[in-house]
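Since we're looking at a predicted model, the values are computed, not measured. Atoms within a ligand are numbered from 1 in the order they appear, just like the ligands themselves.
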Amino acid sequence: MIRIVRRLAVLAAFVVVVCSVGARAQALHDKPGRAAIASAHTLATQAGFEVLEQGGNAFDAAVAVASTLAVVEPQSSGIGGGGLFLLRRASDGMEVMIDARETAPAAVDPKDYLQANGEPDRDHAVNGPLSAAIPGEPAGLAWLAKHYGKLPLSKSLAPAIRIAREGFQPDSRFLGELAMRKEVLSRYPASAALYLPNGEVPKQGWTFKTPDLARVLERIAEQGDAGFYQGEIAKRLVDSVREAGGKWSMEDLAHYQVKERTPLTFDYRGYHIVTAPPPSSGGIALAEMLNILSGYDLNKLDRVRRVHYIVEAMRRAFRDRAEYLGDPDFVKMPVAELTHPLYAAGLRASILPDKATPSDMLPGYMAPSQGTHTSHFSIIDKDGNLLCATQTVNTLFGSTFVVPGTGFVLNNEMDDFALVVGKPNAYGLVGSDNNAPKPGSRPLSSMTPSFVIGTDRIGVIGTPGGSRLITMVLEGILAFIDGELPEQFVGNPRYHHQYLPDVISAEKGAFTPDEVKALEAMGYTVSESERRWGFMNAVSWDRKSGQMHAGSDPRGVSGSGVVK
Ligand code: DON
């Protein structure tokens, strides 16, 4: 009898434990039930919802958003470029990064990027066909749809095809950025015909139609990536690039392959960060910075000391970027070491509490200003699938080179290689041999699409911004973990340090005059500029309250974050 009573007591205790665990688990929502999309353009966000409403998931919506951005924001990304797509599937927790980064053509020759006097030829690096790498975006979209989507490309590409054919009215940012690239666009007849009617930057109110692009997208919708990388379109691209001095071949296009990469993951203050592995430098830099910062109680520090430690973490991560990183299929990198907490502890020990560490004895140079080109979007669907993509043609309107009859610019991603080792690229970044171009290799990227996964709150975060992209994502993650919502933190003023130049660059309003003085007294050079940078698009889901949020950077004119 006593034994039976004891057994019952044990059973009762077990039931209580199971029920209370169950009740706790039930307090968290399993599924959002609604979706959130933030992207750089209202039409792209709408395209994402259109495809969700047809039964698509976050990954189909990503195809719709990305292809629509190719039409409405061609200065930033498009099918002539590439991108990194980070996915988390709700049903089984699978996480993967689709690497649709561009590759160097087989005939790449570093001498093409040198002038006769041995100095870097910056024109070849960023303008025209020599600056263009083999695009990855079309293969990335086809891969996403085929392996992770629920809808055929004919449905997920439909909004982009429609907008390309019917036209839309470009916003003031588009027209302003067109003016910035007018001179180089004018060099190439098909580029000028597309973007500069009558040789001029159009006025606001202009309806921009791209029927050629609609036809290329239709071909991809019908044939998948073969519609782009083989056959008539491929031939047109190769002939035209070669005629204008570039080095592409039909084999380069036919051999292009998307790579599935295991995301880089680590923990910070109780949050699990899932982010971009090489060929992006972003995840490694983020891990290094957050590992260093995990040794400080940032919220207990005064603002100047907090900025000091964050900047010193940035400086050290960017030094390693320059030194070690490149394409993982071509070079060996000490990724496990660089992202190890013990390595960060060593770096932390080298930070003095009250003094800036000079980057090194080299004379510095100013990082060129970086804007909003490149495009990031973030999606959570009603089932909790997460998608975070940063995609790009590199600098504004990429190479500016449009192949006649195609309606899109080719990227200038060759400049993300260390074309001349030790010499800065368009973002002031230097690189080692590890990032020198090799036939078929991918240039090192800074793109850092990231998930921040806590027990209650999930954030999906990213932005454009060249080298500054990584530190913007860092600042976004810190703000999210501190409890800020996407609508708030996408607008926060930003600051950045990238090892070389040895300068903190800051948006106006990032620091008070007193903070600048205090930082200068610690040995920093602070360079404030009127220009604002980045275009962060972030979404979040609070599993406790069930609330979803979507924030689009106020720096972008037509950005849009919607929950519905
Ligand atoms: O992959 C990279 O790191 C660059 N091509 C990204 C360029 C970029 O973010 C430009 N935005 N301002």
Look up atom NE2 in H496 and atom CD1 in I310, then write down how far apart they are to the nearest 0.5 Å.
14.0 Å
From H376 atom NE2 to S77 atom OG, the distance as rounded to the nearest 0.5 Å
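Rounded to the nearest 0.5 Å, the NE2-OG separation comes to 12.0 Å.
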State the atoms of ligand 1, each with its element, that fall below the 4.0 Å cut-off from a heavy-atom position in [X].
X: S446; result: 1 (O), 2 (C), 3 (O)
X: M447; result: 1 (O), 3 (O)
X: L469; result: 9 (O)
X: Y427; result: 7 (C), 8 (C), 10 (C)
X: T374; result: 6 (C), 7 (C), 8 (C), 9 (O), 10 (C), 11 (N)

Can you label the angle between the Y495 ring and the F511 ring as parallel, tilted or perpendicular, going by 30° and 60°?
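Aromatic pair Y495/F511 classed tilted.
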Quick one: sort the Y195 and F174 rings into parallel, tilted or perpendicular, breaks at 30° and 60°.
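Answer is tilted, since the angle falls between 30° and 60°.
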Check [Y] with [X], please: is the shortest side-chain N to carboxylate O separation under 4.0 Å?
X: K247; Y: D112; value: yes
X: R321; Y: E288; value: no
X: E507; Y: R555; value: yes

From the options T392, D416, N411, select the one whose nearest heavy atom is closest to atom 5 (N) of ligand 1.
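It is D416 that holds the nearest heavy atom.
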So is R101 touching ligand 1 or not, going by heavy atoms under 4.0 Å?
yes
Under 3.5 Å between some N or O of ligand 1 and some N or O of G465?
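Min N/O separation from ligand 1 is below 3.5 Å for G465.
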N/O of G466 under 3.5 Å from N/O of ligand 1, yes or no?
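Among all N and O atoms of G466, at least one is under 3.5 Å from an N or O of ligand 1.
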